[in-house]
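One structure is given below, encoded as structure tokens.
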Amino acid sequence: MTRSLRESLAHRSQPILLGLGFALLVAISSGTLWLVQQTSDDAQSVIQAQENQRGLTAVLLALRRAESYQRGFLLVGQPEYEQGYRLTISSLAPILENLKALQAEGHLRESDVAEIMHLIDDKLAEMEQTIQLYSAGQTEAARGLVASGSGRDVMENLRTLIGKLSGEQRSLLNARTGDTQQSIRWLAIATVLGTIIIMLLAAASVWLLRRSNLERDEALDTLEATNANLETTIQARTADLREANEEIQRFAYIVSHDLRSPLVNIMGFTSELEAVRDAIFSKLATTPGDEAAAQENQELGRDFDEAIGFIRSATVKMDRLINAVLRLSREGRREFRPERLNLSEIVGSILGSVSHQISEVDAKITVGDLPSLTSDRLSLEQILSNLIDNALKYLQSGRQGEIEISGSVRGIYAVIQVSDNGRGIHPNDHQRVFDLFRRAGAQDRPGEGIGLAHVRALVRRLGGTLSLNSAPDEGSTFTITLPREWSAERERSAA
Amino acid sequence: MTSPVLIVMIEDDEGHARLIERNIRRAGVNNEIVPFTNGTDALKFLFGPDGSGIDHKNRALLVLLDLNLPDTTGVEILQRIKENVHLKRSPVVVLTTTDDAVEIQRCYDLGCNVYITKPVNYDNFANAIRQLGLFFQVIQVPAAT
């Protein structure tokens, strides 16, 4: 009881463990997926922040370069500086475009970009003005404009603004980098933890499996032992049964045998009495002329004859019954010799031996295709001849007798049917007719009530079955099912 | 059967013994018949008090033997007769109900001279015994040596 409970617990926890492990695996996988996504987002952000920073710094750098060219030009007046200045200004355009694009994508505030643009415009205007003035020869005016510090202020404002924005981006970048690291750390922890738990689950699962395997092996061993035990028990029982059966056979033989002895005496001395009867009565009737005495003698003689008659018929009947038991017990002890049998041939020879009876009752016999089988010849001859004999014996008077013998094969069995359109058997007697010394219906035919009992005993010994299908006044069908391959082992195992 | 042959009848059923005797007599056999209903008495008679069988020296014996006896088996009596130096030539007629082939073989192997199965039907029985009686009239029985 506890054992089976524990087993069922082990069996039930197995799928739970598996389900748990699976759920955990799914959780870890989705968590990892989510974290990877997160990390990838973070990395994207970091790149973006760097881009933003670069974009902002590029503006400042370009302006500084332009300013230094401007300063150089104002200082020495060489046209190369002006050329460098122009070039730098023209290179500013894509940088500003980039800035606008970043703003359009929402990475920079519009107000900031507008402020930067404004400041750039101011600075460019200031530088352009100085260069124009210088080119026009108004060197002092140009230098004065520079000295006024308005350009420097603008530049200072711009640097401050960009510095502030760069700082923002840097802190953003740092935050994102931190997030990424945090995500990666979580990912690692989750993976390691999940792996450990899954390994634990796997270990538990393996342990449970091993235990249940062990239990199964034990159960198998027990089962094997039980089977072996059962086998020996069955063998012992079979031996017991066989012995009992043999005992019964022997008993039947001895009883019937020993019953014969007194019967011989009864019959013998009855004959002796009969032999002396006339002598006795002639002695009694010696007084001549005594009519009354002669009359009395005659009556006594009749009584005597009647008594003797009853004794005789009773002994004859008893003799027949004892003979039947003896025959049955002999049949039961007879060794079967299985051989290949051609049933059509057997039925043919049986019909030949009862041809006189057939013509007497004017019966129509039909023999269908009969299967061949390996069995005991004598037994089959007796079975079929008993059934055919019965069919002929119990035909319905006033009707053309029809008897059909047919056969078929059903798996490992051969089926033989003997059917007639005779008087039939009442359903109440279907079992009875197979009993020894029992008969059914009108007792107007000779017989001991042995044939069907004998047939059934033989069919059973041959490992088959016998069934009856019959209705009064319609006819009877006896169906025999026999194994197609009979061997002595079969009988032993069936015994 | 040359007189004086003594018929020793060993038959446990007294009715049978009587019927056998009557029917043998009807066949015209007038020899002395000594009946025994059990094996012990029969053996005592056959082999004498010393068990040697010397008592019957120069006497002709014919044994009618039933195999089913209450105290011993007819087969044992048969065996002892056939092993005895004095009695071994005395004819033994086994007259029994057993018709088992093995039993019949065994009896002949042991030296039984005739084996008859008692017919169950009385008419046949009577007839068989009468024929046996007729047979007794023609056979030669040697004297015990």
Side-chain angles (χ1 to χ4, degrees), chain A residues 246-247 249-280 305 307-337 378 446 448 450, chain B residues 9-27 33 35-39 64-75 94-107 115-133:
Chain A
E246 279 166 12
E247 185 72 23
Q249 301 280 11
R250 256 199 314 276
F251 175 75
Y253 183 78
I254 290 169
V255 164
S256 52
H257 208 268
D258 288 359
L259 281 178
R260 279 172 135 189
S261 262
L263 198 61
V264 167
N265 281 337
I266 298 171
M267 290 168 101
F269 287 104
T270 309
S271 290
E272 296 292 317
L273 261 183
E274 263 189 322
V276 296
R277 172 204 188 274
D278 289 341
I280 295 169
D305 289 345
I308 293 284
F310 274 117
I311 293 172
R312 262 199 182 284
S313 64
T315 49
V316 165
K317 184 168 184 197
M318 194 167 167
D319 185 39
R320 279 206 314 259
L321 298 185
I322 288 171
N323 271 340
V325 173
L326 198 58
R327 213 178 70 218
L328 279 181
S329 93
R330 274 200 192 136
E331 279 302 323
R333 295 196 300 175
R334 193 169 64 82
E335 289 265 331
F336 283 170
R337 275 188 213 90
L378 195 59
E448 326 290 346
I450 290 163
Chain B
M9 180 165 66
I10 308 164
E11 166 68 64
D12 71 315
D13 190 311
E14 283 178 75
H16 280 214
R18 194 88 189 92
L19 290 172
I20 288 167
E21 193 182 338
R22 279 193 191 189
N23 283 291
I24 286 177
R25 294 278 181 243
R26 278 183 194 138
I33 297 176
F36 295 97
T37 55
N38 62 70
L64 259 176
L65 183 63
D66 185 8
L67 294 185
N68 303 309
L69 296 171
D71 50 354
T72 176
T73 71
V75 174
V94 174
L95 184 59
T96 184
T97 44
T98 312
D99 64 350
D100 187 71
V102 179
E103 198 76 344
I104 295 169
Q105 272 183 10
R106 197 160 133 224
C107 285
Y115 190 109
I116 297 169
T117 302
K118 285 182 197 164
V120 188
N121 183 302
Y122 178 69
D123 292 336
N124 296 345
F125 178 83
N127 194 30
I129 302 299
R130 255 170 262 174
Q131 287 185 10
L132 181 67

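Labels below follow one simple rule: chain letters A, B, ... track the order of the sequence lines, proteins then strands, and each chain is numbered from 1. Source: prediction; values computed, not measured.
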Between chain B and chain A, are any donor-acceptor pairs under 3.5 Å, and how far apart is each one to 0.1 Å?
residue	atom	partner	partner atom	Å
B:D13	OD1	A:N265	ND2	2.5
B:D13	OD2	A:N265	ND2	3.0
B:H16	N	A:N265	OD1	3.0
B:H16	NE2	A:S261	O	2.7
B:R22	NH1	A:E272	OE1	2.4
B:R26	NH1	A:E272	OE2	3.0
B:R26	NH2	A:E272	OE1	2.7
B:R26	NH2	A:E272	OE2	3.3
B:T97	O	A:H257	NE2	3.1
B:T97	OG1	A:H257	ND1	3.3
B:D99	OD1	A:R330	NH2	2.6
B:D99	OD2	A:R330	NH2	3.1
B:Y122	OH	A:E272	OE2	3.0

Nearest-0.5 Å distance, CZ of residue B:F125 to CG of residue B:L95: 6.0 Å

Heavy-atom side-chain proximity of B:I20 to B:I33 below 4.5 angstrom: no

Atom pair OH (B:Y115) and CD (B:Q105), whose distance is rounded to the nearest 0.5 Å: 11.5 Å

Test log, rule side-chain contact (heavy atoms from CB on, under 4.5 Å), inputs B:L19 and B:I129: CA-CA 9 Å; B:L19 290 172; B:I129 302 299; over 6 Å; no

Minimum heavy-atom distance B:C107-B:V75, with the two atoms named: SG-CG2, 4.4 Å

Residue that, paired with B:I10, satisfies side chain to side chain contact (heavy atoms under 4.5 Å, CB included) out of B:L69, B:T72, B:N38, B:L67: B:L69

